[in-house]
Amino acid sequence: MTCSRRDFLRNTVGGSLASVMPLSAFTLLSHAEAEAALADSKVRWAFLVDTNKCVGCGLCVTACKTENEIPFDAAVTRTWVERYVVTKDGETHIDSPMGGRDGFIDDKIRDEEIDPKTIDKAFFVPKLCNQCDNPPCVQVCPVGATYQTLDGVVLIDRNWCIGCGYCVMACPYGVRFFHPEKKVADKCNFCYHRISKGMQPACVECCSFGARRIANLNDPDDPVAKIIKTERVSVLKDEYGTKPHVFYLGLDAEVR
Amino acid sequence: MLEEPVVHGIEWTVKELFVYPNEFIYWSIQIVMYPYMTGLVAGAFVLSSLYHVFGQKDLKEIAQFSLVFSLALLPVAALPLLLHLQQPTRAMEPLLTPHFTSAIAAFGIVFTTYGLIVVSEIWFVYRKYFVEQVHALKGKTGLSNAFRRMVYRVLTMGAFDVSDEAIRVDKKAAAIFAAVGIPVACFLHGYAGFIFGSVKANALWMSPLMPVIFIMSAVVSGIALCMLTYIVIMEWRAFRQRRRGGVVMAGEIKGAEKEVIGKAARYLIGFLVAAISLEMLDLIFRGYTAMKSWDILRSVMYGKDFMNIFVLQYTLGNLVPFLLLILPRRSLFRTVIALLLVLFGVFMMRWNVVIGGQAFSLSFSGYMHYEIPIIPHSIETFKEGLFGALMVITTPFVLFWVINKFVPSLQREY
Amino acid sequence: MKWHVLRPLWLAIGLVGAILVARQFLVPDDFGVHGRNFTYGYHRLSNIQEWKDFPVKYKGRESCAECHEENVLKLNSSSHAAVECENCHGPSVNHPDDVELLPLNKTRELCLRCHAFLDYPNSARGQLISIEDQRHKRRYECVKCHNPHDPKEEVE
């Protein structure tokens with residue numbers, strides 16, 4: 001990163017404070033002043049996944065589960081890695097055992113042997129919540145338990161969620177699930193508790209290959225944001241109009 | 001009993017091929033029951049209004065009954081939701097902080113409004129009876145009489161004027177509520193269809209036709225249920241009369257029953273045709289436009305779910321009862337069979353939408369099979385299993401029995 | 001005018017009133033529109049801070065280097081430089097205050113995540129040094145022979 005950590009921290013803290021303070025004191029500020037403060041939020045979080053670099057080690061999934069206290073043996077996860085194996089006969093074999101939590105050690109896909117000589121291409125695709133600009137999950141929450149912060153992260157209020165599951169059904173990407181212990185909706189939040197302190201999300205921290213990176217699109221000096229803006233990137237399922245903010249390098253046409 | 005934390009849905013979902021890790025059948029049997037019950041509510045109310053608003057005099061008897069039955073069904077419509085919610089203690093939140101961009105938030109408002117309309121209409125129809133009961137029970141001894149008198153006093157809400165003019169005003173008010181209630185009843189169930197139809201993430205649900213299809217089949221199920229329950233009650237009465245030797249009375253009951261059922265059946269056929277036409281239209285459009293999801297939808301509809309959709313719902317649940325009802329010399333027995341099949345068909349429609357919509361993965365590359373928990377081994381497998389569903393379907397009859405003790409929906413004078 | 005017709009109306013008003021009163025007690029004061037608009041920003045404001053206060057588990061290499069400088073330097077100049085300490089040693093959380101010895105993962109499975117051979121062409125995985133698990137020293141932990149802080153180093 002070219003900017004110093006101090007600058008990054010300062011910008012993040014300053015931006016967060018600037019966005020939260022007018023709201024918490026909205027009884028003191030006029031509506032117009034509050035609007036003005038909203039407009040120049042200094043942070044818009046985005047994510048960059050480089051599928052060319054992902055080796056399918058699954059350490060990101062393990063780290064995420066540990067960091068975010070998702071029960072390790074539960075079959076749900078805030079982030080996961082999918083393996084795609086495209087064979088010469090035009091078939092695409094896809095799997096994600098336990099979300100890739102234990103990596104991909106076996107070359108069998110659901111007990112099916114695939115002869116390596118028949119493989120045209122194979123790759124790994126990490127997925128997580130896209131923190132969409134038009135999040136359909138937020139739109140359908142009947143009680144206002146899920147919402148989007150000014151810096152673009154979609155959060156869930158565990159004390160208010162009624163557990164109806166509408167948000168889970170509304171997400172086209174399948175990133176939401178019910179927390180098995182808390183019995184409310186849950187999903188990736190870019191490790192909001194970490195990025196708000198100037199740290200990286202756990203999955204970004206633990207990826208040894210640089211396949212995962214977080215970016216602040218509103219920071220002119222952010223190198224990852226620069227890649228998103230200047231290089232060829234794609235997103236998942238853009239036809240739903242969700243405006244996802246997880247960008248992919250090397251996203252294959254076969255990815256579902 | 002501390003239960004091991006279990007991923008919601010894992011116990012009744014079997015995944016096939018590639019399904020996203022977090023995907024399970026989250027909306028299971030209770031979410032099938034919910035539109036089914038609200039559909040019965042809407043249908044029963046519409047049937048009742050056919051008399052109160054459009055003056056279909058022959059429907060008077062069944063109209064009274066179906067109005068009260070609609071009330072008995074109403075709390076039961078909320079029951080599946082309470083059983084489904086992961087946090088049922090927070091069930092009031094849609095009324096406290098409704099997020100109106102969500103169709104489910106409409107639930108609190110619409111449900112309450114509709115409940116008030118039904119209760120108000122019943123009040124106006126039976127107020128005279130309540131007042132008469134208060135006077136009749138005066139001076140009678142015994143705890144149960146005293147209790148009944150108190151209940152009737154509360155039910156009058158202090159309005160004891162039963163002059164001709166007051167009764168005339170009552171009837172007019174009842175008619176107004178019956179009229180206003182029709183669009184509200186339609187909205188009550190239409191929005192349930194909107195809940196599904198507006199989910200763009202689900203390839204099967206996403207359709208502007210969904211609310212209309214839901215309303216049409218709701219009215220169908222409501223009319224069918226009222227007709228069926230009415231037949232059962234009338235047959236029981238005729239049977240009792242015959243046992244007492246009142247053959248003539250029994251004959252009268254049967255005669256009236258036949259006329260009412262005949263009339264109601266015509267409306268049923270109309271809505272049945274409308275419902276099936278819309279579903280066919282939806283299917284044809286999907287096949288013709290062949291969007292990205294068509295491959296997986298087709299393999300689900302023509303493969304795994306072929307029995308559920310084409311045999312159970314379309315044939316047994318729609319075509320067969322339609323034929324049974326329109327062919328000449330329709331007997332009561334044939335009508336009853338047709339009504340049972342219709343009720344089954346509407347249930348299958350809800351099943352095929354809710355469960356069918358989750359039968360394929362968001363990846364369009366895998367399937368999910370729903371195995372409904374039969375014998376519950378935990379709270380969750382009870383709530384979202386067969387016994388939970390049975391609890392929902394039997395409660396309206398229990399409630400109706402209780403309400404009927406105070407509101408005489410089956411007497412001919414009202 | 002027969003005023004009794006308004007009785008149900010009073011009932012309705014009473015019910016709505018009760019809900020509004022309940023709202024005063026049951027809904028937190030900071031619940032409202034706080035974000036962009038009603039669609040995407042309707043929530044309880046204090047929840048944001050609750051998420052910011054969520055405990056951090058993984059502290060990162062710089063934090064390990066504060067005490068374990070030697071190991072970190074060795075790692076940094078090895079072929080495993082990109083591997084995070086906590087990937088093998090587990091999250092430090094409040095180490096050493098709460099846990100003196102972190103639960104080190106020495107299993108084969110951990111190493112195989114990257115180093116199990118998968119014959120995938122044009123894939124970063126295919127380019128890693130790897131072994132066929134079944135054919136390479138099946139009974140032993142990898143770390144018996146390979147130093148994870150410097151995999152190219154000879155181990156006795």
Side-chain angles (χ1 to χ4, degrees), chain B residues 71 89-103 105 107-109 111-128 130-131 153-178 180-181 184 198, chain C residues 1-51 54-55 57-58 87 91 109-110 112-114 116 118-123 125:
Chain B
L71 180 66
T89 53
R90 299 179 187 171
M92 294 307 287
E93 284 180 16
L95 280 175
L96 300 174
T97 59
H99 189 214
F100 290 116
T101 56
S102 166
F107 170 72
I109 314 293
F111 191 77
T112 314
T113 309
Y114 181 76
L116 287 169
I117 288 176
V118 171
V119 163
S120 303
E121 194 187 331
I122 289 178
W123 188 73
F124 282 114
V125 170
Y126 289 100
R127 188 180 66 86
K128 182 166 167 231
F130 297 153
V131 171
R153 278 188 73 130
V154 169
L155 287 175
T156 59
M157 287 210 278
F160 282 94
D161 182 355
V162 287
S163 61
D164 282 340
E165 208 205 321
I167 300 305
R168 217 174 23 82
V169 165
D170 277 357
K171 282 200 195 317
K172 192 154 175 223
I176 290 172
F177 274 104
V180 165
V184 177
S198 61
Chain C
M1 173 64 191
K2 291 291 173 185
W3 294 107
H4 75 274
V5 291
L6 294 177
R7 300 283 156 108
L9 182 63
W10 309 142
L11 183 70
I13 291 175
L15 190 66
V16 172
I19 292 174
L20 290 173
V21 167
R23 204 172 182 280
Q24 285 302 112
F25 292 104
L26 296 172
V27 177
D29 290 328
D30 58 347
F31 207 108
V33 181
H34 299 297
R36 269 194 280 164
N37 49 32
F38 177 64
T39 307
Y40 300 123
Y42 185 58
H43 67 101
R44 179 173 64 91
L45 187 63
S46 39
N47 184 243
I48 296 185
Q49 192 55 45
E50 284 169 16
W51 278 113
F54 196 80
K57 324 285 189 306
Y58 286 85
N87 276 340
E109 279 69 40
L110 180 61
L112 286 173
R113 283 168 181 257
C114 294
L118 288 177
D119 196 355
Y120 293 159
N122 306 325
S123 158
R125 178 67 176 261

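Letters go in sequence order (proteins before strands), and every chain restarts at 1.
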Contact between [X] and [Y] at the side-chain level, heavy atoms closer than 4.5 Å - yes or no?
{"X": "B:L96", "Y": "C:F31", "result": "no"}
{"X": "C:H4", "Y": "B:D170", "result": "yes"}
{"X": "C:R23", "Y": "B:T97", "result": "yes"}
{"X": "C:L11", "Y": "B:W123", "result": "no"}

Over 60° means perpendicular and under 30° means parallel, so classify the ring planes of C:F38 and B:F100, tilted if in between. tilted
Under 4.5 Å from a heavy atom of chain B, the part of C:L15 involved: side chain
Spatial distance of atom CG (C:L6) from atom CE (B:M157) [nearest 0.5 Å]: 10.5 Å
Rounded distance (nearest 0.5 Å) linking atom OG1 of C:T39 with atom NE2 of B:H99: 5.5 Å
Give the minimum heavy-atom separation between C:I19 and B:L95, together with the two atoms involved. CG2-O, 4.0 Å
Looking at B:M92, I want to see if its CE is surrounded by more than 12 non-hydrogen atoms of other residues, nucleotides or ligands under 6.0 Å. no
Enclosure of C:R7 CZ (heavy-atom neighbours >12, cutoff 6.0 Å): yes
Against chain C, label B:S163 side chain, backbone, both or neither, depending on which of its atoms sit under 4.5 Å from a heavy atom there. side chain
Residue B:T112 versus chain C: region with a heavy atom under 4.5 Å: side chain
